[in-house]
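Below is one structure, written out as structure tokens; the observations come after it.
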Amino acid sequence: MINKEFFKQVDEIAIERELNKDDIYEIMKKAFEKAYQKVYGLTSCRVQINPERSEINLYQLRLVVNAYSLLKNTDGVDEILIEDASKLRGNKNVKVGQIIEIPVSIKDLGRLGATVAKQTYNNSIKSLEREKAYEYFKSLEGEMINATVTDTNENYIFLSIGRNIHTILPRKELLPNDDPKTGDYLKVFIRKVEPTTRDPKVLVSRNDRNLINRLLETYIPEIGEGIIEVKGIARDPGDRTKIAVFSNDPNVDAIGSCVGEGGTRIKEIVDALNGEKIDLYKWSENIPELIANSLQPAQVTKVLSVDPKTKSSIVIVPDDQLSLAIGKQGQNVRLAVQSCGWKIDIKSLKDAFDEGLIELS
């Protein structure tokens, strides 16, 4: 049977739902097999789909026998007497034990067959789509994707994330400055993907620290290529992030590359985070230098008492830099500690002198 419309629809479905056409053909074969079994009460048939000729052909399969068996044959093929088979084949040479194919018009399946085939086909396509969607999003676990806001309420943001899949973003996973509206685009981090009896459950976040990693890889090619390494990240989501970077190429400036010409690269990241501030500092294998760098933008006078066992240190800063080094509610020093991995006890120059930690020259 020639059905150009069916093959046109297969092409459209494959593109629209990102499915393999061969998988769709297999589903259609099984749909016709089930319809045939429902209509004829027979179990054995063969469906042939020929995309090149836009043809779908259906055949009964019959095992040629001298007499019907009392028990069903082990091949599960319905039987036909040799004399009946000979008539069907125009008295051509037919042998006992041979399996013959008898053409069946798909139109002969009637309304019942069409209903069964359509139902089976639609259910199987949905099942395949869910299976492929799960595989796709599972492969993106730990990655960043673009999502479209489809609706909002006081507790959740509803997102379309592609592959005909939707998910919800709890407001607690938003950044403080986020106020998404329907139609807005958001960059979200996929924390986990779980299978369900329906669509895959995709858990996403905007405040996960790893979102920063993915943004850096996206907007700074040198990081994606491994020329620049991100050595440490500390984050107060929506407010400030402190990042330690290191260049594996002496000719590449880690800070400059991340900032970009005129600040264009870092601006794109800040915009994606709805204004979250980004502090970059240079990683160093020299621990005092690393600790001093981590406290930027504050200036550091001296780093003392560096203890590798406890990973602790004392940092001396000018009196007028103390509040900057500590930061509002201790934010700067806390993010510095988290990003560089060293405990930091900050003292002003005056306090350090009073405690005998340094001598004024």
Any sub-3.5 Å donor-acceptor pair from [X]'s side-chain atoms to [Y]'s backbone N or O?
X	Y	value
D345	I314	no
R214	G142	yes
N123	Q119	yes
R206	K187	yes
R130	T196	no
T264	E261	yes
T241	R235	no
N50	E52	yes
D151	I157	no
S44	L61	yes

Would you indicate whether [X], at its atom [atom1], is surrounded by more than 12 heavy atoms from other residues, nucleotides or ligands within a distance under 6.0 Å?
X	atom1	value
F6	CZ	yes
K138	NZ	yes
K29	NZ	yes
E194	CD	yes
E355	CD	yes
E101	CD	yes
Q329	CD	no

Among all residues two or more places apart in sequence or in another chain, which pass the side chain to side chain donor-acceptor pair (under 3.5 Å) test with D239? Q331
Who passes side chain to side chain donor-acceptor pair (under 3.5 Å) against D179, sequence neighbours left out? K181
Decide yes or no for [X] and [Y]: does some side-chain heavy atom of the first lie under 4.5 Å from some side-chain heavy atom of the second?
X	Y	answer
L159	T150	no
Y59	Q48	yes
L349	I358	yes
K34	V116	yes
N332	L295	yes
D236	L335	yes
E173	V204	no
I243	I212	yes

One pair to check against side chain to side chain contact (heavy atoms under 4.5 Å, CB included): E222 and R265. What are the steps and the verdict? CA-CA 12 Å; E222 291 87 348; R265 289 179 172 179; 2.8 Å; yes
Distance (rounded to the nearest 0.5 Å) between [X] [atom1] and [Y] [atom2]:
X	Y	atom1	atom2	result
S348	L322	OG	CG	5.5 Å
R62	E79	CZ	CD	10.0 Å
Y68	D78	OH	CG	10.0 Å
I255	F246	CD1	CZ	12.0 Å
N293	K242	CG	NZ	10.0 Å
I287	E285	CD1	CD	6.5 Å

Do S284 and N286 have a side chain donor and acceptor closer than 3.5 Å? no
When you check the side-chain N and O atoms of D208 and N210, is any donor under 3.5 Å from an acceptor? yes
So, is the end of the R163 side chain (NZ or CZ) under 6.0 Å from the ring centre of Y136 and within 45° of the ring's axis? yes
Could you please spell out the steps behind the side chain to side chain contact (heavy atoms under 4.5 Å, CB included) verdict for D253 and S247? CA-CA 7 Å; D253 175 23; S247 176; over 6 Å; no
For residues [X] and [Y], report the shortest heavy-atom separation together with the two atoms involved.
X	Y	value
T120	A31	CG2-CA, 3.8 Å
G238	N177	O-ND2, 3.5 Å
A336	S294	CB-O, 3.3 Å
F32	I106	CE2-CG2, 3.6 Å
S313	I291	OG-CD1, 3.5 Å
L109	Y36	CD2-CA, 3.8 Å

[Y] reachable from [X] in the ILVMFWY side-chain graph, under 4.5 Å edges:
X	Y	answer
L216	L273	yes
Y156	L186	no
I326	I316	no
W342	V317	yes
I220	L211	yes

Could you go through L175 and E276, starting from their C-alpha distance and side-chain angles, then the distance that decides it, and tell me whether this counts as side chain to side chain contact (heavy atoms under 4.5 Å, CB included)? CA-CA 9 Å; L175 302 180; E276 184 172 320; 4.0 Å; yes
Taking side-chain contact (heavy atoms from CB on, under 4.5 Å) as the criterion, tell me which of I99, L88, V94, V65 meets it with I80. L88
Yes or no on side chain to side chain contact (heavy atoms under 4.5 Å, CB included) for V202 and H166, after CA distance, side-chain angles and deciding distance? CA-CA 8 Å; V202 183; H166 293 76; over 6 Å; no
When you look at K267 and D271, which way does the salt bridge (charged side-chain N to carboxylate O under 4.0 Å, His left out) test go after all the steps? CA-CA 6 Å; K267 184 179 184 303; D271 288 346; 2.9 Å; yes
Return a table of donor-acceptor pairs under 3.5 angstrom between the side chains of residues 225-232 and protein atoms on other chains or two or more places apart.
unit_1: E229; atom_1: OE2; unit_2: N248; atom_2: ND2; d: 3.0

